[in-house]
Amino acid sequence: MGSSDEKVVAVIMVGGPTKGTRFRPLSLNVPKPLFPLAGQPMVHHPISACKRIPNLVQIYLIGFYEEREFTLYVSSISNELKIPVRYLREDKPHGSAGGIYNFRDQIMDESPSHIFLLNCDVCSSFPLPEMLDAHKSYGGIGTILVSKVSAESASEFGELVADPTTNELLHYTEKPETFVSDRINCGVYIFTPDIFKAIQDVSSNRRDRANLRRVSSFEALQSATKSFPTDFVRLDQDILSPLAGKKQLYTYETLDFWEQIKTPGMSLKCSALYLAQFRHTSPHLLATGDGTKSATISGDVYIHPSAKVHPTAKIGPNASISANARIGPGVRLINCIILDDVEIKENAIVINSIVGWKSSIGRWSRVQSVGDYNAKLGITILGEAVNVEDEVVVINSIILPNKTLNVSVQEEIIL
């Protein structure tokens, strides 16, 4: 563990409304980082993991969302964790590395010895204290969390090669066209403050090249590559790739779960992963019941204290029920996320689905899907205030907000 005078800060990149279009229709109502997984906002899980870092003094969220969208959450989580959490809004895109460089004065305000950098849209057990210990033993400027994936899916991520003995990062390439490695970048890093010098060097070199082009008409004609603004610096292509093999960057491999949350389907899968993790980290958040005075609960289930669930309902496995939901007699819920103020009436069934805020599912109705988390219509999604009338079946479909369904639908997108 670190010395008592050592300080650590954490930075979580939350993106913004210009991105995350694949998360619609759920992101129409709430910023993607605040969408609930296992009953807690998506960003809550990495923030809670940061709480376990020794000598943590500050957490920053950096993104493009309006500050008002995060004000209430930042205030409540700061009070809950007794750690200052602050939202910093970018004025324009600066890239994944340029974003932290833009706020370097705030990040360095406490003179930290180490800076954690996490992407909000990853689902992991976040082994941050272990990663910090490994980083200190390596002695470089940065350590990357990596995971082994199938060779078929590796090309969707940044692939890397590390020394099997020293864990030094030897080669890094972002989403290569040909297979490089089954080890991928998990979007979780720890750096020393030297990272800011590395980012500054990229900007300076880019500025020098831009000046050279202005005086060299030949190079201007020859330059076919896309040029970025000098203050736009990408962490993967501009920092990780050039520093690989120079004894500057190292890797720490997690053998625990890891997923990227790009689509509503993956949010349902990741909600289940976090519910399973609660068994070890927060068992008090998991519901119990045997069908006598409370509903029958099987597997990992989260029920908000304000939700009303009838004792004859059967819930789980992998179900999350949000605030003020009303679950009627005989209802069956399996592998689903039920959002705030939803009403599910007698004997309705919800399987492999997300039911949006203020929606209603009628008596004997059925909302379900095949549960393919990666397929476009692999899970059923009801947007906000969707009314499914009695005895209607909705299968493998996406229903946008404020719709009423009085006939059954299958494999449709209802606009």
Side-chain angles (χ1 to χ4, degrees), residues 7-16 19-20 23 27 30-90 96 99-100 103 106-107 109-110 112 114-132 145 186-191 254 256-261 266-267 270-271 273-278 280-286 302 304 320 322-323 337:
K7 294 179 180 177
V8 179
V9 300
V11 178
I12 301 175
M13 308 299 284
V14 299
K19 298 183 179 181
F23 210 70
S27 57
V30 66
K32 179 181 170 183
L34 298 182
F35 182 80
L37 305 179
Q40 312 294 326
M42 185 185 297
V43 72
H44 185 94
H45 299 282
I47 288 178
S48 296
C50 289
K51 173 70 174 175
R52 294 185 283 111
I53 301 171
N55 306 312
L56 181 74
V57 293
Q58 177 83 48
I59 298 173
Y60 293 102
L61 310 182
I62 296 179
F64 298 101
Y65 294 99
E66 296 288 344
E67 290 186 40
R68 58 180 169 75
E69 299 196 72
F70 279 85
T71 301
L72 282 176
Y73 176 72
V74 164
S75 174
S76 66
I77 195 65
S78 297
N79 291 332
E80 179 183 332
L81 296 185
K82 304 294 187 287
I83 293 282
V85 180
R86 183 180 174 192
Y87 178 71
L88 302 173
R89 185 174 187 264
E90 290 191 83
S96 46
I100 60 171
F103 293 110
Q106 291 93 324
I107 293 171
D109 185 51
E110 295 269 4
H114 296 90
I115 302 156
F116 273 92
L117 178 64
L118 302 86
N119 283 310
C120 173
D121 63 351
V122 300
C123 168
S124 170
S125 59
F126 298 107
L128 305 183
E130 298 85 350
M131 198 174 164
L132 178 60
L145 186 68
C186 290
V188 178
Y189 315 86
I190 180 170
F191 295 109
T254 176
D256 210 342
F257 66 90
W258 181 88
E259 297 287 351
Q260 196 170 27
I261 315 168
M266 288 308 299
S267 74
C270 292
S271 186
L273 289 170
Y274 281 136
L275 284 171
Q277 187 187 30
F278 284 171
H280 310 288
T281 62
S282 309
H284 63 282
L285 293 176
L286 294 175
Y302 169 83
H304 191 276
S320 173
S322 296
I337 296 175

Fill in: K51 side chain vs L81 backbone, donor-acceptor pair below 3.5 Å
yes
Practice prompt. Could you tell me the separation between the CD atom of E259 and the OG atom of S267, rounded to the nearest 0.5 Å?
Written response: 12.0 Å
Worksheet item: Which residue pairs satisfy the side-chain hydrogen bond (donor to acceptor under 3.5 Å, both in side chains) criterion with at least one member in residues 33-44, sequence neighbours excluded?
Response: H44-S48, H44-Y73
Worksheet entry | Ring centre gap for F103 and Y60 strictly below 6.0 Å | no
Discussion item. For P84, is there any backbone N or O sitting under 3.5 Å from a side-chain donor or acceptor partner on Q58?
Written reply: yes
Worksheet item: Can you name the nearest heavy-atom pair linking G39 to S320, along with the distance?
Response: N-OG, 3.2 Å
Practice prompt. Check whether any side-chain N or O of Y87 sits under 3.5 Å from a backbone N or O of Y65 as a donor-acceptor pair, and report yes or no.
Written response: yes
Discussion item. Once rounded to the nearest 0.5 Å, what's the spacing between atom SG of C270 and atom CD of Q277?
Written reply: 11.5 Å
Item to complete: Measure the CG-CD1 distance between L56 and I83 for me, rounded to the nearest 0.5 Å.
Response: 4.5 Å
Response to the item:
NE2 (H114) and CG (L132) are apart, to the nearest 0.5 Å, by 6.0 Å
Worksheet, complete the sentence: Residue pairs meeting salt bridge (charged side-chain N to carboxylate O under 4.0 Å, His left out), one or both in residues 118-127, sequence neighbours left out, come to K32-D121, D121-K262
Practice prompt. Taking the side chain as every heavy atom from C-beta outward, state whether M13 and N119 have any atom pair closer than 4.5 Å.
Written response: yes
Discussion item. Please find the pair of heavy atoms, one from F64 and one from G16, that lie closest to each other, and give the distance.
Written reply: CB-CA, 3.8 Å
Item to complete: Walk me through it: do L88 and V11 pass the test side chain to side chain contact (heavy atoms under 4.5 Å, CB included)?
Response: CA-CA 10 Å; L88 302 173; V11 178; over 6 Å; no
Discussion item. Ring-plane angle category for Y274 and H45, please: parallel below 30°, perpendicular beyond 60°, tilted otherwise.
Written reply: parallel
Worksheet item: Which atom names give the shortest non-hydrogen contact between L34 and V43, and what distance separates them?
Response: CD2-CG1, 4.2 Å
Practice prompt. Compare all side-chain heavy atoms of I261 with those of L37 and state whether any distance is below 4.5 angstrom.
Written response: yes
Practice prompt. Could you tell me whether the side chain of L118 reaches within less than 4.5 Å of the side chain of C50, counting heavy atoms only?
Written response: yes
Discussion item. Minimum heavy-atom separation for V188 and F126, please, with both atom names.
Written reply: CG2-CE2, 4.0 Å
Practice prompt. Sort and list the pairs that fulfil salt bridge (charged side-chain N to carboxylate O under 4.0 Å, His left out) and have at least one residue in residues 54-67, not counting sequence neighbours.
Written response: E66-R89
Fill in: Beyond-backbone contact of S27 with F35, side-chain heavy atoms, under 4.5 angstrom
no
Worksheet, complete the sentence: Interatomic distance, CZ@F70 vs CD1@I77, rounded to 0.5 Å, equals 12.5 Å
Practice prompt. Using the test side-chain hydrogen bond (donor to acceptor under 3.5 Å, both in side chains), find all partners of D256 that sit at least two apart in sequence or belong to another chain.
Written response: S125
Worksheet item: Does F191 have any ring-ring contact (aromatic ring centres under 6.0 Å, His included) partners at least two apart in sequence or in another chain, and if so, which?
Response: Y189
Discussion item. Given S75, which partner from the list T71, L72, N79 fulfils the side chain to side chain contact (heavy atoms under 4.5 Å, CB included) test?
Written reply: N79
Worksheet item: From L145 CG over to E130 CD, what is the distance, rounded to the nearest 0.5 angstrom?
Response: 10.5 Å
Discussion item. Restricting to side-chain hydrogen bond (donor to acceptor under 3.5 Å, both in side chains), what partner residues turn up for E90, sequence neighbours left out?
Written reply: H94
